[in-house]
Amino acid sequence: MNLIFEQSTQNHQCSILPPCDVPKVELPTKRQENLNLPELSENEISRHYTQLAENVHGVNNGFYPLGSCTMKYNPKIDEEVASFKGFTNIHPLQDTKTVQGALEAISLANDYLCEITGMDKMTFQPAAGAHGEFSGLLLIKAYHKSRNDEKRHKIIVPDSAHGTNPASASMVNYDVISVPSSSDGCVDIEALKAVLAKEGENIAGLMLTNPNTVGIFDKNILEITKLIHDVGGLCYYDGANLNAVMGWARPGDMGFDVVHLNLHKTFATPHGGGGPGSGPIGCKAFLQEFLPGYQVVQKDDYFDLVRYEKSYGMVKEFYGHFLVVLKALAYIMTLGKEGISEASANAVLNANYMKQELSDTFNMAYDGICMHEFVMSLEQLKHDYNVSALDVAKAMLDYGIHPPTMYFPLIVHEALMVEPTETEGKAQMDEAIKIYKEIYKTAIENPDIMHEMPLNTVVRRLDEVLAARKPILRYQAE
């Protein structure tokens with residue numbers, strides 16, 4: 001498929017834009033060269049973007065089990081609610097008395113999400129998950145600073161964590177201490193105790209995902225958070241995997257002080273495509289006064305905005321991605337208390353069904369019941385037949401399904417992480433299981449062909465080393 005610039009023909013035009021209905025203004029300086037824009041008819045433009053759409057795989061196209069990303073179908077009613085003119089035709093600088101409905105919606109979202117997470121207050125300023133991590137760590141930093149306890153400059157992060165965790169800690173000038181996992185995939189308690197015995201007075205906090213990135217609910221979670229609190233640190237919960245436990249277990253009840261959520265994963269906003277996302281952070285009451293931005297408060301019969309005196313500042317303009325918050329609110333109110341817990345239960349059921357059905361073919365990284373996702377290791381397949389996890393993932397493209405997450409977490413060699421989510425039915429999962437097994441059979445019987453796949457996609461296998469070292473990021477006109 002050619003680039004739109006390559007399809008351009010000189011003097012081809014289309015009348016998409018209406019005539020200018022305001023006086024023209026001569027600018028003091030003019031562009032010296034014409035814009036290098038493609039010239040096509042409206043028909044050609046329409047066909048080009050339709051072809052692009054057909055070549056993109058999303059949850060509306062087929063199975064999308066991207067582990068740790070929760071690529072689930074998002075109900076269209078939530079999009080509809082967020083498009084109401086009463087919400088879209090307002091401005092953040094309006095007088096608060098003219099946007100009472102919007103403020104009430106934010107207040108409701110705060111209440112529901114605090115109930116789900118066991119927190120006392122939320123801010124919706126952060127624009128995405130990693131931004132929420134950054135904002136939550138600033139909250140922890142502000143707390144220690146208020147107590148003149150700034151010697152705490154280290155954050156503990158398990159080795160199974162999302163890569164954004166240590167990156168976020170580094171961005172707020174914390175040093176990262178990695179704690180290994182034990183053979184069961186959970187935090188090695190003895191290793192954690194050793195770190196705390198040596199570094200206790202320097203520990204600002206712990207960043208942890210539970211269930212973790214191998215899909216296991218850490219059986220020692222209450223002990224872990226207590227150990228951190230006993231040395232004066234705070235506990236930060238990465239909410240990336242909340243889809244597995246919402247309605248059943250709350251981070252606040254596990255001992256966590258701060259949590260970030262991915263509204264664009266768990267709560268009905270499409271994940272991917274460049275955004276917008278939303279990564280609100282919640283906290284316990286003792287941290288509330290440090291939250292960034294303005295907070296919605298109810299005063300008698302109306303809602304208003306306040307800025308806490310000890311707030312550490314702003315992390316985004318105004319109040320965050322408001323329409324994404326509306327989608328989450330609509331999602332929660334549509335499902336209700338029973339629906340929220342049923343959704344997470346079905347996510348866990350689907351993951352365990354696929355894990356069980358595939359366990360006679362693939363090597364599972366960890367035995368036993370998983371939560372919302374599971375990890376397979378293709379290390380033996382790579383050793384015996386020189387077929388890697390990448391080869392298997394590429395082969396899946398020929399079957400019209402999206403590959404699982406590859407090579408993550410790093411503690412599992414040749415890893416494929418599968419997360420079917422609750423929105424997939426049994427028939428779709430059975431078809432995916434059949435495809436997985438067929439690919440595995442091909443890897444054993446004809447390993448050479450696996451290095452050439454995909455064979456039937458628009459773009460064949462790319463030179464990923466060249467793409468990483470010498471990326472072409474924009475079109476260069478001749």
query = Between Tyr143 and Arg152, does a side-chain contact (heavy atoms from CB on, under 4.5 Å) hold up when you go through it step by step?
reply = CA-CA 11 Å; Tyr143 168 77; Arg152 298 183 179 274; over 6 Å; no
ask   = Given Asp159 and Ser181, is the side-chain hydrogen bond (donor to acceptor under 3.5 Å, both in side chains) satisfied, shown in steps?
value = CA-CA 6 Å; Asp159 62 359; Ser181 300; 2.6 Å; yes
task = Let me see the working for Thr334 and Val81 under side-chain contact (heavy atoms from CB on, under 4.5 Å), right down to the final yes or no.
result = CA-CA 11 Å; Thr334 302; Val81 169; over 6 Å; no
message = Set out, in order, the CA-CA distance, both residues' side-chain angles and the distance that settles side-chain contact (heavy atoms from CB on, under 4.5 Å) for Met354 and Ile433, then state yes or no.
response = CA-CA 7 Å; Met354 286 197 68; Ile433 291 166; 4.0 Å; yes
message = Pair Asn165, Thr209 - check side-chain contact (heavy atoms from CB on, under 4.5 Å), show working.
response = CA-CA 10 Å; Asn165 284 183; Thr209 307; 4.3 Å; yes
request  = Tell me, with the steps shown, if Gln295 and Tyr308 meet side-chain hydrogen bond (donor to acceptor under 3.5 Å, both in side chains).
outcome  = CA-CA 8 Å; Gln295 306 300 315; Tyr308 295 130; 5.2 Å; no
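For CD1 of Ile77, the number of neighbouring non-hydrogen atoms (other residues, nucleotides, ligands) closer than 6.0 Å is 12 at most. Residue-environment remark: NZ (Lys76) exceeds the threshold of 12 foreign heavy atoms within 6.0 Å. By the neighbour-count criterion of 12 heavy atoms within 6.0 Å, atom CG of Leu3 is densely surrounded, having more than that number from other residues, nucleotides or ligands. Applying the 6.0 Å contact sphere to CG of Asp367 captures no more than 12 heavy atoms from other residues, nucleotides or ligands. Within a 6.0 Å sphere centred on CZ of Arg307, heavy atoms belonging to other residues, nucleotides or ligands number more than 12.
Put simply, the residue from Lys72, Glu419, Lys265 that forms a side chain to side chain donor-acceptor pair (under 3.5 Å) with Asn243 is Lys72. Residue Leu234 is tested with Ile228, Leu287, Thr225, Leu206 for a side chain to side chain contact (heavy atoms under 4.5 Å, CB included); the sole match is Leu287. Shown are Glu373, His372, His162; of these, the side chain to side chain donor-acceptor pair (under 3.5 Å) with Ser68 is made only by His162. Only one option out of Asp257, Leu208, Ile140 pairs with Tyr236 in a side chain to side chain contact (heavy atoms under 4.5 Å, CB included); it is Ile140.
In terms of heavy-atom proximity, Ile155 sits nearest to Ala204 at CD1-CB, 4.1 Å. Of all non-hydrogen atoms in Asp184 and Ile216, the two that sit nearest each other are O-CD1, 3.1 Å. For the pair Pro166 and Val176, the tightest heavy-atom approach, listed with the atom from each and the gap, is O-CG2, 3.8 Å. In terms of heavy atoms, Ala244 sits closest to Val348 at O-CG2, 3.7 Å. In plain terms, the two heavy atoms of Ser83 and Glu80 that are nearest each other are OG-O, 2.7 Å. Counting all heavy atoms, side chain and backbone alike, Asn262 lies closest to Gly129 at ND2-CA, 3.5 Å.
The main-chain N or O of Gly425 is never found under 3.5 Å from a side-chain atom of Gln428 such that the two would form a donor-acceptor pair. Not one N or O on the side chain of His144 forms a donor-acceptor pair closer than 3.5 Å with the backbone of Asp149. One N or O on the side chain of Asp188 and one on the backbone of Glu190 form a donor-acceptor pair closer than 3.5 Å. Remark: the backbone N or O of Glu104 is not paired with any side-chain donor or acceptor of Ser107 at under 3.5 angstrom. Within the 3.5 Å criterion, the main-chain N or O of Glu422 finds no donor-acceptor partner in the side chain of Asn346. Under the 3.5 Å distance criterion, the side-chain polar atoms of Asn352 are left unmatched by any main-chain donor or acceptor of Ile369. Listed for the Lys284 side chain is a donor-acceptor partner under 3.5 Å among the backbone atoms of Gly118. In this structure a side-chain-to-backbone donor-acceptor pair under 3.5 Å is missing from Asn202 to Lys154. For the pair Asn55 (side chain) and Leu52 (backbone), a donor-acceptor distance under 3.5 Å is absent. Put simply, the side chain of Ser135 never gets that close to the backbone of Pro126: no donor and acceptor are under 3.5 Å apart.
Counting only N and O atoms by type, the side chains of Tyr294 and Asp304 include no donor and acceptor under 3.5 Å apart. For the residue pair Gln100 / Tyr302, no side-chain donor-acceptor distance below 3.5 Å is found, with atom types taken as modelled.
Side-chain contact between Phe124 and Leu113 is present, with heavy atoms from C-beta onward closer than 4.5 Å. Two residues are said to be in side-chain contact when any heavy atoms from C-beta on lie closer than 4.5 Å; His264 and Pro276 fail this criterion. In this structure the side chain of Met246 reaches within 4.5 angstrom of the side chain of Phe267, judged on heavy atoms. At a threshold of 4.5 Å between non-hydrogen side-chain atoms, the residues Glu431 and Ile401 do not count as touching. Side-chain contact check for Phe256 versus Ile221: some heavy-atom pair is nearer than 4.5 Å. Looking at Leu242 and Val259, their side chains never come closer than 4.5 Å, going by heavy atoms from C-beta outward. Under the 4.5 Å side-chain criterion, counting only non-hydrogen atoms from C-beta, Met119 is not in contact with Leu261. Counting heavy atoms from C-beta outward, Ile203 and Ile177 have side chains that approach closer than 4.5 Å.
Looking at residues two or more places apart in sequence or on another chain, you find a side-chain contact (heavy atoms from CB on, under 4.5 Å) between Phe134 and His131, Leu138, Met171, Val172.
Aromatic ring pairs are classed by plane angle as parallel below 30°, tilted from 30° to 60° and perpendicular above 60°; the pair His57 and Tyr64 is tilted.
Under the 4.0 Å criterion applied to side-chain N and carboxylate O atoms, Lys193 and Glu223 are assigned as salt-bridge partners. A salt bridge links Arg250 with Glu115: at least one charged nitrogen is closer than 4.0 Å to a carboxylate oxygen. Comment: Glu201 does not engage Lys151 in a salt bridge, judged by the lack of any side-chain N to carboxylate O separation of less than 4.0 angstrom.
Atoms OG and CG, from Ser344 and Asn241 in turn, are 12.5 Å apart once rounded to the nearest 0.5 Å. A distance of 6.0 Å separates OG1 in Thr123 from CD1 in Ile281, rounded to the nearest 0.5 Å. Of the inter-residue distances, the one linking Met207 atom CE with Ser168 atom OG reads 5.5 Å to the nearest 0.5 angstrom. Taken from OH in Tyr112 to CE in Met333, the straight-line distance is 4.0 Å, to the nearest 0.5 Å. Within the model, atoms CE of Met71 and OG1 of Thr421 stand 10.0 Å from one another, a figure rounded to the nearest 0.5 Å. Taken to the nearest 0.5 Å, the CZ atom of Phe374 stands 10.5 Å off from the CD atom of Gln356.
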